[in-house]
> 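Have a look at this one before I ask anything.
Read the numbers this way: they start at 1 and go in the same order the structure lists the ligands and their atoms. Keep in mind that this is a model prediction, so the values were computed, not measured.
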Amino acid sequence: MATVREAAFELLREHGMTTMFGNPGSTELPMLAEFPDDFRYVLGLQEAVVVGMADGFAQASGRTTAVNLHTAPGVGNAMGAIFNAQANKAPLLITAGQQVRAQVTMQANLTNRDAARVPHPFVKWSYEVPRAEDVPLALAHGAHLAALPPRGPVFVSIPMDDWGVEVDESEAGHAIARRVSGRAAADPADVAQLAERLGAASNPALVAGPDVDASGAWEAAIALAERQRLPVWASPAPGGGRLGFPEGHPNFRGTLPPAIGPLGQMLEGHDFVLVAGSSIFPYYPYIPGPLLPEGAELVAITSDPDEAARAPMGDAFVADVKLTLEALLDAVPESDRQPPEPLPPPEPPPEADPISPSTVHAALGELLPDDGIVVLESPSSTMALRNQLRLSRPGSYYFGAGGGLGFGLSAAVGVQLAQPDRPVVCVIGEGSAQYAISALWTAVAYRVPVTFLVIRNEEYAILKWFADAESVEGAPGLDLPALDTAAIASGYGVESRKAGGLEELRETLSASLGAEAPRLVEVGVAPGMHLF
Ligand SMILES: Cc1ncc(C[n+]2csc(CCOP(=O)(O)OP(=O)(O)O)c2C)c(N)n1
């Protein structure tokens, strides 16, 4: 006879989920007893950090990832990060402990009296097992659902006395062995019609979104753009958490702006817009205007039925992005349209003292190896980084699509754990860094060699920009004087340096990029918003 714990770990093993991110409490210790040698437990010191690290790991590995949280307060701490994981479509199987069954009704200490309701709006499925014997099947249900499109977090609450209960091995064996797959290509008739519409357009464009990267569709997107001579835009920066097209490719035109009017204007001149793997569109500031240029048509390919249904314009196919782009590629001929004009090289950053964030990003662009990965959370210089770098490999860019700060620092640790052979740089504002600062401890404890590049402008610059845009005067709480992130990082054991100017920045950055342990470089920059 096997116990619930043995069956549960066998199930995780079968799903390739042998890395678990967690922060334990008394209600989780029975699960962690006799922790198997072939599993790796990654300790985070606060639950938002635990989920953020798992989010980065799940996205960069492409695998559903196990997370274990402490009952009600632990799940409560994690809520913002679970919201982010849902926006990032990160497949997470989140479990949390619960009081022993005999003490739930009397609400003994640490009972989560409505465990499944707590994370409900931010997960695909939220459940508390009715019987101990159901734990393996509930975990299987959650793991399959997290991995099916649209991918995302699921939650299972498990009373702490369940782990030692014996299960029927034959039943558990079925739950453990089941495979469920959900990559569906579009109807061939829809693909043929799409190919015709694309072929008939006089000036079509492609918009590549995060799911091109997540579904492994880079090659198909490049081949389609080349065969059909399509100019390619990246979906708007704030909501588009990953890159779907090489920024150094001659067909690449840049990043769409995240507001209705400007985005519609940017597409001016195109009569057909094919959107692959993005919502339509991740707008943020409300700047009204026409959704599309007069007479233009739009067709989206998305694996997310909700994205397809809620789009304010155009048609949509709910289908796997990679399989559908490949089918479309087979259905279109070589076009004789004029190839798009390549973008000019990045504009040299303006001279400033202190240096501008653009100068920092330009230096990073020079030093980052081709296989380098950027995890970005520097709100007022997001566009400056996108305009200074030309990231051109799959899986090179992660940005919190949900907009909740705390993603950057923690996700960078998870991304590096999933991609140990690629250099990872976390470019982060000194304000943003504080939301997940204890991820630095995990980076040190597990020797995760991320380079943390802290952009110090002594303010919440993006909020000052928004205050202006929203005609808000006199708002308090927008300055951050004397926040010494390098000193804090040293306290966590990270080797940290303050770079005084460009030369010192280059030197410390290049030393950090080759290091085998985490390093932090803090650089003082000019305040304000920076776009180029
Ligand atoms: C969890 C969370 N809390 C608050 C905010 C609001 N917010 C957005 S940007 C920002 C300031 C970030 O400061 P910093 O990292 O220094 O970047 P800067 O704006 O100076 O570039 C804040 C507080 C948020 N996005 N997420």
> Any nitrogen or oxygen of Asn457 lying under 3.5 Å from a nitrogen or oxygen in ligand 1? Just yes or no.
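Right, the criterion is met.
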
> Give the residue, atom name and distance (to 0.1 Å) of the protein heavy atom nearest atom 10 (C) of ligand 1.
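The answer is Leu405 CD1, 3.6 Å.
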
> Please check whether Ala433 reaches ligand 1 - meaning an N/O of the residue sits under 3.5 Å from an N/O of the ligand, judged on distance alone.
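In fact, backbone or side chain, Ala433 has no N or O that close.
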
> Considering heavy atoms of the protein only, find what lies nearest to atom 9 (S) of ligand 1 and give residue, atom and distance to 0.1 Å.
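Looking only at protein heavy atoms, the one closest to atom 9 (S) of ligand 1 is Ile462 CG2, 3.2 Å.
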
> Report the nearest protein non-hydrogen atom to atom 13 (O) of ligand 1: residue, atom name, distance rounded to 0.1 Å.
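Nearest neighbour among protein heavy atoms for atom 13 (O) of ligand 1, to 0.1 Å: Tyr460 CD2, 3.2 Å.
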
> Who's closest to atom 18 (P) of ligand 1 heavy-atom-wise, of Ser380, Ser432, Gly429, Pro357?
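The nearest heavy atom belongs to Ser380.
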
> Which atom names give the shortest non-hydrogen contact between Val454 and Leu520, and what distance separates them?
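Looking at all heavy atoms of both residues, the shortest contact is CG2-CD1, 3.8 Å.
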
> Is Glu458 close to Glu430 at the side-chain level, that is, under 4.5 Å between some pair of heavy atoms?
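Sidechains of Glu458 and Glu430: in contact.
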
> When you compare the side chain of Pro518 with that of Val444, does any pair of heavy atoms fall below 4.5 Å?
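Yes, their side chains come closer than 4.5 Å.
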
> In a check of ring pair (Phe, Tyr, Trp, His ring centres under 6.0 Å) between Phe21 and each of Tyr41, Tyr446, Phe57, which one passes?
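Per the ring pair (Phe, Tyr, Trp, His ring centres under 6.0 Å) rule, the option paired with Phe21 is Phe57, out of Tyr41, Tyr446, Phe57.
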
> For the residue pair Val275 and Ile280, what are the closest heavy atoms and their distance?
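Shortest heavy-atom contact: CG1-CD1, 3.7 Å.
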
> With a cut-off of under 6.0 Å to the ring centre and 45° to the axis, is Arg253 in cation-pi contact with Phe245?
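Verdict for Phe245: no cation-pi partner in Arg253.
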
> From the options Phe466, Tyr435, Trp465, select the one whose nearest heavy atom is closest to atom 3 (N) of ligand 1.
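The nearest heavy atom belongs to Tyr435.
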
> Closest non-hydrogen protein atom to atom 17 (O) of ligand 1, residue and atom name please, with distance?
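For atom 17 (O) of ligand 1, the nearest protein heavy atom comes out as Pro379 CD, 3.3 Å.
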
> Show me which atoms of ligand 1 lie under 4.0 Å from any heavy atom of Glu459.
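Taking each heavy atom of Glu459 in turn, ligand 1 has 16 (O), 20 (O) under 4.0 Å.
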
> Within a distance under 4.0 Å of any heavy atom of Gly404, pick out the atoms of ligand 1 and give their elements.
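Those atoms are 26 (N).
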
> Which bit of Ile428 gets closer than 4.0 Å to ligand 1, counting heavy atoms only: side chain, backbone, both or neither?
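No part of Ile428 comes within reach of ligand 1.
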
> Please examine the side chains of Met20 and Leu12, heavy atoms only from C-beta on, and report whether any two atoms are closer than 4.5 Å.
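Heavy-atom side-chain distance check passes, below 4.5 Å.
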
> For the 3.5 Å polar cut-off, considering only N or O atoms, please tell me whether Ala461 and ligand 1 meet it.
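Yes - when backbone and side-chain N and O of Ala461 are compared with those of ligand 1, one distance drops under 3.5 Å.
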
> Could you check whether Arg422 and Ser396, counting side-chain N and O atoms only, form a donor-acceptor pair closer than 3.5 Å?
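On atom types as modelled, these side chains qualify, holding a pair under 3.5 Å.
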
> Heavy-atom contacts with Gly431 under 4.0 Å: which atoms of ligand 1 show up? List them by number with element.
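Under 4.0 Å from Gly431, ligand 1 has these atoms: 13 (O), 14 (P), 15 (O), 16 (O).
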
> What protein heavy atom is closest to atom 25 (N) of ligand 1, reported as residue, atom name and distance in Å?
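For atom 25 (N) of ligand 1, the nearest protein heavy atom comes out as Gly403 O, 2.9 Å.
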
> Heavy-atom distance under 4.5 Å between the side chains of Val523 and Leu453, does that happen here?
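Yes, side chains in contact.
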
